[in-house]
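Quick notes on the structure that follows.
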Amino acid sequence: MIAEVYIKLKEGVSDPEGEATKKALNLLGFKNVKRVSSVKVFRIAIEGVSREEAEKEIEEMCKKLLANPVIHDYDIRWVG
Amino acid sequence: MIAEVYIKLKEGVSDPEGEATKKALNLLGFKNVKRVSSVKVFRIAIEGVSREEAEKEIEEMCKKLLANPVIHDYDIRWVG
Amino acid sequence: MIMYREIYPGVYEIDILNAGDEELVKISEEMGLNLSLDEMKVIKEYFKNKGRNPRDIELQALGQAWSEHCCYKSSKYWLKKFLLGFKTDYVISTEYDAGVVEFDEEHAYVVALESHNHPSAVEPYGGAATGIGGILRDVLCMGAQPVALVDPLFFGDLSTPYEKLPPGIKHPVYLLEGVVAGIRDYGNRVGIPTVAGMVFFDESYLTNCLVNVGCVGVAKKDRIIPSKAGGEGDIFILAGGATGRDGIHGVTFASAELTDTESTRSAVQLGNPIMKEPLIHACLEIVEKGLLTGMKDLGGGGLSCAVGEMALAAGYGAEVWLDKVHLKEKDMKPWEIWISESQERMLLTVKPKHVDEVLYIFRKWDVPASVIGVVKGEKVLRVYYKDWLIYEMEIEFVTKGPEYCRATAERREKVEVDEVKEPEDYAKVFLKMISHPNVASKEWVIRQYDHEVRGNTVLKPLQGRIGFETHGDAAVVKPTDSWKGLAITADVNPWMTKIDPFWGTASSFDEMVRNLVAVNSEPHSFADCLNFGNPEKPERIWEFVESVKALGWMSKEFGLPCVSGNVSFYNETPYGGVAPTPTLMGIGIVEDVRRAVTSNFKREGSAIVLVGETKREFGGSLYSKVTGMKCNVVPKTDPKLLKRYSEAMLEAFRKFKVLSCHDPVEGGVAVALAEMAICGMGFEVSLDFIDLFSESNTRWIVEVKEAEKFVNFFKERGLKAKVIGYTGGDKLNYGKFSVELEEVEKAWRSGFSKFLR
Amino acid sequence: MDIRVAVLRIEGTNCEDETVRAFRALGAYAEAVHLKQFYSDMIRDDEVRSIWDYHCLVFPGGFSAGDYVRAGAIFSARVKSVLRRDLEEFIKEGYPVLGICNGFQILVELGALPGFDEDKPIADEPQMALAINDSNRFECRPTFLKHENRGKCVFTRKLKKEIVMYPVAHAEGKVVFPRGREEEYLERLIENDQIVFRYVDPEGNYSSYPWNPNGSFYNIAGICNVKGNVFGLMPHPERAFFGWQVGREEEVFDGKYVFESVIDYLRKFY
Ligand SMILES: Nc1ncnc2c1ncn2[C@@H]1O[C@H](COP(=O)(O)OP(=O)(O)O)[C@@H](O)[C@H]1O
Ligand SMILES: [Mg+2]
């Protein structure tokens, strides 16, 4: 099974990487770009457990390592 | 319109971030994790053009800035 | 028709005994060997004598070993003739991956400088990062703790319009940002400070950027490790990252012109600093405990080159068990394992009794390591895969490689051209010069590198009042507990070498020495990285030969040994070749780091002295570049005179209170004075046009208290020095013109960074 | 008594040597200790250590585990999984813990800073973040810091100067508190005397970039826990310990006080 874990910045937390990317794109002539935000995704292959258990484990992983609740929201999507 | 641009490392290109994350998850006791790969996602809000043109522009952005075809595959998904 | 016959699973035999010329060429092409017909014929003859056909792994090994990158076949002859062989008594060794030089009673310093050009042109981030990884291994394998990194970089003009980019070529801004990010992310993560470098722009680098990287390390003299096997029966241990398909044919890639930047992926890697960092600790722990007999890094040519060179250097042979190598991908063919250039790997030879201890240390650091072979008495290399003997060749035949003396053709302009005249508007031309990206502040780059990690950086690349710093001439690090320091600088002037590779190279050498002296260090040794075009073209090899001649001449006459180097040819695309770029990394000894001198003006009302002599020499100058006035009179220099001046300067540092010192380079005295002033102290001088902008060699600008005595000190020695003015105020008053400090500072701070994010 | 200091490391930690040197220069016994030496059964007897062998723990600067995922996240997760109990006990008993740069990031990710709860010195999840610099770049530069601690922090008690200069070198050092609760956090920090250093310009004014190099909330550069024995800061005192590191003629410089203060504290109490 493969899950994609999305780690996004919470609404209102500033996103220098997204902003810098937007600025660079605008400078390159892409004037239609109004906003860029950066998201970090981990594709995790997990085996030997049921999907339900896996989902629980991944929640745990987010809490223990992948996200910092002060600035991040996360989101799990199964892709395989 | 909002597109999510997925930038992944090509098959066979080493991914130190994914490897380090996997090692850490295993050490934390998540023994079922078999592989982790890191993906970068940019959410791009683009305006004033048709979806078709926007798609072309985003292709261009990938080529000029966001990705390097030598090591990256990219993928564009419309989410809004 | 060529015959490929599978003799063991994944191992093919190639019928070259029955191959004609055409087929030999085809084999070389199909297998990606990059060997010429003549070379293929030598190989055919060799196997004829053996009475058998070669296997793919054997031909691949020869392709690696005989590549330009590995065996220096086009350059060896010239390097031996002009440059190598000159040593001073403090040079400990120059025959291995990095030069080893005495630092003090107990310690030696280790120097290496290398190019990573082709990979960086294709994938700037990974290319530059793996360049740093590679140069660290070169220093580490001598048993040394790396203490400083250096990164001279060369790109096309940042203002190049996108429409002007040839197909498949990446924009200089993209390349620069990628390269700097790669060096930053790798260097900072492994925790070795990047303390010096340069960034140079010229249109000749548009299709061939150059990424050179240097490293300096420090070792205890009695713990220096040779890059050779210790003795018969020693065990080969391969440690570090797993071996994968990455980097296959990297050296052959680097030994041909770059034609297509998108389909050469296998030669490009990202590197893994977080494997390298513990690998450094583990190797140094093993060195400290005296548990190994030899060590070599795996770079170009992978295991194939490393095992061969370690065995040959010691006069032994080896037996290797390929299936013991830890792999990233399970289904790799034996020849792929053998020549893979996967990063972060080291090869050690260890006495059998120490094997367990060595493996424990690697395990402790979470670094994978495996026993993969043994040193043999007979000078033959045998490779086994499972139970099959799949490779058996005499080491000398493989590792020595061919040597060529290629035809040269001079391309120097015979007639002197000098159209340079005074500008109509001095201030305007001056502001153009100070904001030229080659001169303007490199803060954008410098601050992204941790140049202070390890806590030993005494003179940093940015110096002077905090928040308003200016450029320094050389970085100084304090590598041991004593007050002694190492000064480090990287220099070359491609605009000059382009017009005249001989005098341009000599000028670059002069500049390197000046930078070392300017911080109050005694020039001690240097390394070179020679970046040139296609050596099969007579004009290109001529440029190379001229440059090497000049280096050899300067080195011997000045008395500064070349302790390490690297040649990078084929920096050429169908759109042209690079300006001859002999990058130099100079190392100086600072007797007491507390007496190192910085470049910013310190006190109102001090005298400003110009040491040396200014002539009308505008060839390759910034002035001629920004005004478009042609001149091919490249500055000359005289190593003996440079030596006399250097010695006098160092003596003067001891005798007089020198407040600051800087050397004029691009833009001459005018620009150098501005750089000294930029931290917030203006000046008033009076200089004529030539004094202001000519780029003559062997000169320094010095801020002193006792001006008269200082000047006389030089005059007594038959050397030139004169007071040109005084510090103070908030204007740069050059006599002929005057500009506000604030305006200059703005132009200088933004000239380069305005192109970047 | 011999004061014993452990400078902890895993792969990618890279300021351990200069940190050990700083303690040793003041006569303490300091050594770099790999996290595995505390728990792994593959470690040989002579290299096995316990946290109770030491009087002070230091998380030094660097890029532990590459700073992948987030700066300090992996190191802190590993500490939490093998050492949490001991470490909590260690802090409760008043032993000092220092985090410099990456070490500060680790203490924040660990939930040991801001450390409002004296009885539970390691929170279950992070209470603040050290986010990406506003400039979106790694920056290595000198910074001026105003010392604002009124005496709680055991790492700055000997510091008599109001403004010190320590360099920073990081990409993720911007102090962020939970959105909407910034003022509440700030009040608690001030009330508890937990604010230690704030970025200022050379004149001592609170100022923006580049003087505040990362965009930190309230210009915060370093804080301690409510007890004053856990201290984290982004700038590097060990890089400004000796005069020669910063181009000064004096033998020692501003960075020394951090190390001196904690050694003094330990000498008095243990
Ligand atoms: N790519 C770089 N990396 C690190 N330091 C750099 C880089 N480019 C320039 N510098 C530093 O900026 C300063 C000025 O460089 P440069 O103008 O080339 O000096 P000079 O002309 O005196 O040799 C030097 O301290 C140099 O080491
Ligand atoms: Mg200089």
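No hydrogens, no waters, no symmetry mates; every other heavy atom, side chains included, goes into these values. Quick note on labels: first sequence line is chain A, next is B, and so on, each numbered from 1.
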Are a donor atom and an acceptor atom from the side chains of C:Asn456 and D:Arg21 found within less than 3.5 Å of each other? yes
How close do D:Phe138 and C:Tyr449 get, heavy atom to heavy atom, and via which atoms? CE2-C, 4.1 Å
Might you point out which heavy atoms bring D:Ala169 and C:Asp450 nearest each other, and give the distance in Å?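 Distance-wise, the nearest heavy atoms are CB-OD2, 3.6 Å.
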Count the heavy-atom pairs under 4.5 Å between each of C:Arg594, C:Arg184, C:Arg454 and chain D, then report the option with the highest count.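 Top option by heavy-atom pairs under 4.5 Å: C:Arg454.
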For chain C, which of [options] has the most heavy-atom pairs under 4.5 Å?
{"options": "D:Pro167, D:Ser40, D:Gly247", "result": "D:Pro167"}
{"options": "D:His34, D:His170, D:Glu238, D:Arg248", "result": "D:His34"}
{"options": "D:Arg44, D:Met42, D:Lys36", "result": "D:Arg44"}
{"options": "D:His236, D:Glu11, D:Glu249, D:Gln37", "result": "D:Glu11"}

Can you find a heavy atom in the side chain of [X] that is under 4.5 Å from one in the side chain of [Y]?
{"X": "D:Gln245", "Y": "C:Thr457", "result": "no"}
{"X": "C:Val453", "Y": "D:Cys15", "result": "yes"}
{"X": "D:Asn14", "Y": "C:Val190", "result": "no"}
{"X": "C:His281", "Y": "D:Arg9", "result": "yes"}

So which part of [X] gets closer than 4.5 Å to some heavy atom of chain C, the side chain, the backbone, both or neither?
{"X": "D:Glu16", "value": "side chain"}
{"X": "D:Arg141", "value": "both"}
{"X": "D:Phe144", "value": "side chain"}
{"X": "D:Ala65", "value": "backbone"}
{"X": "D:Thr143", "value": "neither"}

Is chain D contacted by the side chain of [X], its backbone, both, or neither, given a heavy-atom distance below 4.5 Å?
{"X": "C:Lys276", "answer": "neither"}
{"X": "C:Glu469", "answer": "side chain"}
{"X": "C:Asn188", "answer": "both"}

Would you compute the distance between atom OH of C:Tyr360 and atom CD1 of D:Ile43 and round it to the nearest 0.5 angstrom?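 Atom-to-atom, C:Tyr360:OH and D:Ile43:CD1 are 4.5 Å apart.
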Does D:Phe63 offer a backbone N or O that forms a donor-acceptor pair with the side chain of C:Arg189 under 3.5 Å? no
